[in-house]
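Report on one structure; see the data block that follows.
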Amino acid sequence: MRDPQLMAGNIQNHFSQTIKPIVERILKTGQLSRQEHLQLVTIFLSDYKISDDDRSQLNRIFDELQTERLQMID
């Protein structure tokens, strides 16, 4: 049987590896696709724990999108 804490750590690490390149690209280009938005919302609303840093990065993206500093593209 697998250790639940180890599995949770692997999931958290996976989300961190997923979030970082998406966030970097979005902030660099000022644009985010609907698919990226869905991925980020899904991660944000998931029951899995994500790091405070990752949550902060997601909040930054959502704040900038809401204030129209980021452009949603198809």
Side-chain angles (χ1 to χ4, degrees):
M1 261 187 142
R2 291 187 169 186
D3 180 357
Q5 288 182 334
L6 180 60
M7 288 175 56
N10 287 340
I11 291 169
Q12 183 175 359
N13 188 37
H14 172 73
F15 284 144
S16 291
Q17 291 174 351
T18 301
I19 292 169
K20 188 172 182 171
I22 294 172
V23 167
E24 287 175 355
R25 194 205 60 74
I26 291 168
L27 295 175
K28 182 179 177 183
T29 64
Q31 298 178 332
L32 112 127
S33 71
R34 295 192 187 282
Q35 181 179 358
E36 289 168 331
H37 182 260
L38 179 61
Q39 285 177 307
L40 296 179
V41 168
T42 299
I43 292 169
F44 188 81
L45 297 177
S46 71
D47 287 336
Y48 298 113
K49 293 182 179 181
I50 59 174
S51 71
D52 290 340
D53 185 51
D54 288 339
R55 188 166 298 280
S56 176
Q57 290 296 314
L58 292 176
N59 280 328
R60 180 177 176 195
I61 295 294
F62 298 139
D63 288 344
E64 292 198 14
L65 185 61
Q66 188 173 9
T67 59
E68 299 180 358
R69 287 180 277 191
L70 293 175
Q71 179 183 12
M72 180 82 76
I73 58 173
D74 287 326

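With Glu36 as the partner, the side-chain contact (heavy atoms from CB on, under 4.5 Å) test is satisfied by one option alone out of Val41, Ile26, Ile73: Ile26.
Judged as a side chain to side chain contact (heavy atoms under 4.5 Å, CB included), and not counting sequence neighbours, the contacts of Leu65 are Leu32, His37, Leu70, Met72. For the salt bridge (Lys or Arg N to Asp or Glu O under 4.0 Å) test, residues two or more places apart in sequence or in another chain that qualify with Glu64 are Arg60.
Side chain to side chain, Ser51 and Arg55 fail the donor-acceptor criterion of an N or O pair below 3.5 Å.
Phe44 CZ to Asn59 CG: the interatomic distance, rounded to the nearest 0.5 Å, is 4.5 Å. Taken to the nearest 0.5 Å, the CD1 atom of Ile43 stands 10.0 Å off from the CG atom of Leu38. Rounding to the nearest 0.5 Å places CG of Leu58 at 4.5 Å from CD1 of Ile19.
Judged purely by atom type and a 3.5 angstrom limit, Ser56 has no side-chain atom pairing as donor or acceptor with the backbone of Asp52. Using modelled atom types, no side-chain atom of Arg69 and backbone atom of Ile61 make a donor-acceptor pair closer than 3.5 Å.
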